[in-house]
Amino acid sequence: MSNPAPPPRSLAEALRARDDASLTALLHSRPDLITPVPTDLTQLATRAGTRASVLRALERLDLFVLQTAQALAVAADPASYDELLGLLAGDAGDRAVVAALPDALATLREQALVWGGDDRLRLVRTAREVLAPTPQHPSPTGLGPTVQEVTAGMSPGRIQEIVTAAGLPSTHDSVSAAAALSALFTDRGRMAALLAGAPAESREVLTRLVWGPPYGQVTPEPAAHLRWLLDRGLLLPTAPGTVVLPREVALHLREGRAHRAPEAVPPPVGTAATHPAQIVDATAAGQAYTALATVEDLLKEWDEGGPTVLRAGGLSVRDLKRTAVALDVSEPVAAFWVELAYAAGLLASDGEADERYAATPAYDAWLEVPPAERWARLAEAWLTATRTAGLVGGRDSKDRTLAALGPGLDRSVAPEVRHRVLGLLAALPEGAAPDLGSVLARLRWERPLRGPVATPVGGPAREGGRPRGGDEDLRSRIARWTPTEAELLGITGRGALSAHGRALLGASAPAASVASAPAPGGGRRTGGGPADGPGDKLPAHHRRRPPAPRAPLSPAERVAASAAAAGLLAPLLPEPLEHVLLQADLTAVAPGPLERPLAETLGVLADVESKGGATVYRFTPASVRRALDAGRTAADLHAFLTAHSRTPVPQPLAYLIDDVARKHGRLRVGAASAYVRCDDDTLLNEILADRRSAALRLRRLAPTVLAAQADPATLLEGLRAMGYAPAAESAEGDVLIARAQAHRTPPRAAPEPVPDGPPAPDATLLSAAVRAIRAGDLAATTPRKPAGVPAPAGDLPRTSSAETLATMQAAVLTGEALWIGYVNPEGAASQRVIAPIRVEGGFVTAYDHTADEVRTYPLHRVTGVAELADD
């Protein structure tokens with residue numbers, strides 16, 4: 001029978017005992033550990049214990065796993081599984097904690113935050129330093145220091161007085177006295193007897209301190225009930241005027257629990273309302289169509305060049321208000337649409353000297369695809385964008401106003417929060433709209449260190465100009481904005497996730513229970529407690545961990561999900577119409593969405609008066625003149641209206657077109673600076689006599705020509721304001737068609753999301769990283785024969801060139817493997833185990849055990865060589 005493997009003595013040894021799958025899971029969950037790839041497992045363990053990496057890992061733990069780590073931080077080092085279970089479950093043995101602890105401990109082990117067997121659990125040193133209670137950073141457990149820690153600087157005489165008052169035998173050894181006092185406080189029977197004789201006021205003081213903070217203030221002459229506690233060590237001094245409740249005493253009063261309320265089970269997501277799935281899908285589809293129309297209206301509004309770019313970047317408050325009025329929405333909603341078009345790459349600055357916002361060439365390509373695919377692109381851009389429209393109008397960390405399209409709106413956590421909120425909706429039954437308060441509570445449970453429920457472990461931080469952990473943290477604010485934005489986009493309908501919204505997430509049909517999925521992070525039951533016990537008799541949703549947030553979709557999966565969502569949405573969108581209803585009051589009613597050519601022509605010929613289920617267009621002299629300026633004739637307009645109206649063309653509308661067309665073009669405006677030409681000199685005399693023409697500074701050059709000191713555009717606008725219908729002409733005398741030329745920016749790429757830490761590595765990178773770490777570890781740990789002055793652990797071997805060459809040549813003859821140090825052309829040093837095959841021309845060809853292939857190395861780059869030990 002083989003002897004069991006000895007327990008690991010360090011985190012590096014614990015990692016060395018893992019298989020490749022376990023190492024891959026660690027590197028996947030903590031991608032900062034392979035940036036760059038460690039040379040061996042010792043370096044990986046060192047990097048996993050750095051403060052920055054540990055804090056990042058702690059921030060991604062759910063509340064119960066974090067509570068487990070906090071309990072280990074106040075337990076003995078090392079601690080047994082039973083001791084940890086007692087701290088979390090208490091003397092009564094909380095069954096939910098008993099059932100959930102194995103998975104929580106497995107998660108901490110997988111994250112390399114805990115190592116060792118169930119009899120010797122160790123929290124990595126940095127995590128213990130972060131989570132252990134100190135006067136400056138109290139632990140969320142509310143526990144104070146142990147008796148040993150408090151009495152370390154106390155005078156031996158004072159310790160003896162406390163031991164004697166507590167009824168313990170005196171000893172001259174301060175350490176033994178502190179140990180005896182600790183033993184008393186951890187003995188439930190003896191402590192109960194001691195506290196039974198305490199005055200009522202003393203017990204009240206202990207009650208106030210028991211759940212933290214454990215520190216209190218006392219006067220130089222404390223009252224009798226405080227003196228009773230101080231004499232028996234139930235309160236111990238830490239500084240002049242300051243006392244603390246020892247950890248052992250607090251745990252006795254708490255019945256062994258480190259936390260007032262261990263939250264082993266995540267809070268459920270409640271349902272606010274339930275609607276039929278068909279109603280949800282139809283409502284969401286209507287919103288999706290409105291979203292497409294709104295983005296088109298926005299970019300049409302800026303078609304000839306939108307607002308100017310502020311010097312500091314972004315859109316001015318005035319321009320945002322104008323945009324909101326044009327879209328008939330509130331300013332926050334206008335900011336959302338502007339940011340969405342920017343995130344989708346449909347909008348950008350043109351880069352000119354007088355820099356303005358305008359549509360990009362991608363907008364024209366976007367208009368050509370089917371509506372459902374256009375919607376999928378918008379929705380995908382919103383899901384993955386780190387720009388957060390809800391911050392517009394707020395203040396940054398320097399108290400500057402955050403502007404739409406301006407800098408400072410990127411929040412790397414936004415995509416994760418949006419996906420998670422929609423993921424919680426996807427877990428509800430179809431048609432169920434969630435209660436927002438329960439969604440926020442669930443998110444805070446899943447990421448407590450990023451929310452207001454826990455004290456930030458790294459000290460105060462600022463997000464968006466507000467302290468994290470204040471009234472509402474950034475994650476909660478994004479979570480509040482997400483349902484509203486999803487409803488505007490048509491991902492949800494009446495608050496419930498639609499079928500095409502579910503497909504966009506790559507989610508399947510909702511499960512029967514949110515809490516009946518596998519453990520987060522693939523946690524395994526790797527020890528701690530029996531496989532069958534009291535916890536296994538709990539209902540299923542209490543015995544198992546909640547589902548983990550779904551991993552981000554790969555690019556191929558995102559394409560497939562977008563296509564599936566577009567396929568589900570397409571049948572729900574209204575079919576575009578080829579007709580309108582003309583009315584006698586010079587209006588046209590479009591009872592639904594119009595075909596694009598019809599909508600574009602009608603948009604030139606008439607002005608939009610109102611929108612909704614039906615769009616109302618109004619014909620005016622200015623709108624008809626606009627169509628004539630665009631090159632249409634009166635006959636064209638009559639034919640167009642006759643072909644696309646389900647009702648006869650009203651006589652007032654026909655008269656309006658003919659009347660405007662009759663006047664259109666009698667006056668001609670060209671560039672001199674500018675001139676007015678007309679065959680009717682009486683009409684020119686009328687213009688000169690009109691006082692309103694004074695600003696144009698006109699003078700007669702010939703009986704049929706007037707010259708102006710204004711430019712042609714100003715002259716055109718001035719004459720039109722006076723009630724005339726002039727037409728512009730070219731230098732050759734031809735009428736210029738004033739068809740609107742859409743202003744476009746040069747090709748622009750959509751803004752890249754700002755990643756939340758290092759990017760998640762793919763399977764290929766993880767596999768290569770694990771092989772490289774294993775290879776480096778093999779070279780670093782292979783036993784070597786002692787030769788000359790041994791190299792310190794981790795250092796490269798050092799031998800002379802002659803000795804290196806001789807050792808290499810001897811190894812070719814004997815077939816032995818060697819340990820070498822090698823420096824590559826970039827200057828990176830590494831250790832390798834090789835079996836030399838051939839040495840010639842200043843190169844050694846050898847089988848490299850660490851790379852598992854034959855390689856050739858220049859001898860001048862080998863720092864030294866050593867033979868391997870016989871074993």
Side-chain angles (χ1 to χ4, degrees), residues 291-311 313-316 318-320 322-327 334-371 373-382 384-385 387 389 403-407 409 576 593-605 607-608 623 626-627 629-632 711-713 716-717 728 730 736-753:
L292 294 177
T294 304
V295 172
E296 289 185 41
D297 289 345
L298 168 67
L299 295 175
K300 283 179 183 176
E301 184 73 17
W302 295 359
D303 218 14
E304 298 181 19
T308 57
V309 181
L310 292 175
R311 182 176 301 176
L315 202 62
S316 69
R318 180 179 299 176
D319 286 328
L320 181 60
R322 288 173 179 167
T323 303
V325 171
L327 298 179
F336 168 73
W337 292 121
V338 168
E339 283 290 339
L340 178 64
Y342 178 62
L346 308 178
L347 174 67
S349 60
D350 58 13
E352 301 292 338
D354 181 19
E355 197 171 14
R356 291 180 173 273
Y357 289 108
T360 64
Y363 170 63
D364 298 310
W366 179 75
L367 288 175
E368 297 303 320
V369 301
E373 294 180 23
R374 282 189 276 140
W375 173 85
R377 178 170 172 181
L378 291 180
E380 185 66 33
W382 172 74
T384 57
R387 292 188 64 84
L405 299 180
L409 293 182
L594 300 177
E595 292 280 359
R596 183 169 303 283
L598 172 58
E600 290 178 350
T601 303
L602 193 59
V604 174
L605 180 56
D607 298 322
V608 175
S623 68
R626 186 170 63 228
D629 287 342
R632 299 275 185 162
D711 61 86
L716 277 169
E717 291 301 320
S730 67
L736 291 175
I737 296 175
R739 183 179 295 113
Q741 296 295 324
H743 180 62
R744 294 290 181 263
T745 71
R748 295 279 194 266
E752 287 291 331

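By convention here, the first residue in the shown sequence is residue 1.
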Inset, instruction - Indicate whether the side chain of Ser316 and that of Asp319 have a donor and an acceptor atom separated by less than 3.5 Å. - result: yes
Legend entry - Interatomic spacing from CG in Leu605 to CG in Leu598 - rounded to 0.5 Å: 10.5 Å
Legend entry - Leu594 side chain reached by Leu602 side chain, heavy atoms, under 4.5 Å: yes
Legend entry - Rounded distance (nearest 0.5 Å) linking atom OG1 of Thr323 with atom CG of Leu315: 5.5 Å
Legend entry - Heavy-atom side-chain proximity of Glu355 to Asp350 below 4.5 angstrom: yes
Legend entry - Shortest non-hydrogen separation from Ala389 to Ala335 and the atoms involved: CB-O, 4.0 Å
Legend entry - Verdict with reasoning, Val309 to Tyr357, per side-chain contact (heavy atoms from CB on, under 4.5 Å): CA-CA 7 Å; Val309 181; Tyr357 289 108; 3.6 Å; yes
Legend entry - Listed partners of Thr308 passing side-chain hydrogen bond (donor to acceptor under 3.5 Å, both in side chains), at least two apart: none
Inset, instruction - Could you tell me which non-hydrogen atom of Arg744 sits nearest to which non-hydrogen atom of Thr360, and how far apart they are? - result: CD-O, 3.7 Å
Legend entry - Qualifying residues under side-chain hydrogen bond (donor to acceptor under 3.5 Å, both in side chains), relative to Ser623, sequence neighbours excluded: Thr620
Legend entry - Qualifying residues under salt bridge (Lys or Arg N to Asp or Glu O under 4.0 Å), relative to Arg374, sequence neighbours excluded: Glu296
Inset, instruction - Indicate the atoms forming the closest heavy-atom contact of Ala344 with Leu378, along with that distance. - result: CB-CD2, 4.0 Å
Inset, instruction - Could you walk me through whether Leu405 and Glu339 pass side-chain contact (heavy atoms from CB on, under 4.5 Å), step by step? - result: CA-CA 6 Å; Leu405 299 180; Glu339 283 290 339; 4.1 Å; yes
Legend entry - Min side-chain heavy-atom separation Leu299-Trp337 under 4.5 Å: no
Inset, instruction - Nearest 0.5 Å please: distance from the CG atom of Leu346 over to the CH2 atom of Trp366. - result: 6.0 Å
Legend entry - Side-chain donor/acceptor of Arg322 to backbone N/O of Pro307, under 3.5 Å: no
Inset, instruction - Compare every heavy atom of Ala403 with every heavy atom of Gly313, then report the nearest pair and how far apart it is. - result: O-CB, 4.4 Å
Inset, instruction - Side-chain contact test, heavy atoms from C-beta onward, threshold under 4.5 Å: evaluate it for Arg632 versus Val604 and give yes or no. - result: no
Inset, instruction - Would you name the heavy atoms of Gly345 and Ala362 that are closest together and state the gap between them? - result: O-CB, 3.7 Å
Inset, instruction - Flag the pair Val295 / Lys300 as yes when at least one side-chain heavy-atom distance between them is below 4.5 Å, and no otherwise. - result: no
Inset, instruction - Carefully, step by step, assess Arg356 and Asp354 under the rule side-chain contact (heavy atoms from CB on, under 4.5 Å). - result: CA-CA 6 Å; Arg356 291 180 173 273; Asp354 181 19; 3.7 Å; yes
Legend entry - Distance-minimising heavy-atom pair for Arg748 and Gly351: NH2-N, 3.7 Å
Legend entry - side-chain contact (heavy atoms from CB on, under 4.5 Å) assessment of Val338 paired with Trp302: CA-CA 11 Å; Val338 168; Trp302 295 359; 4.2 Å; yes
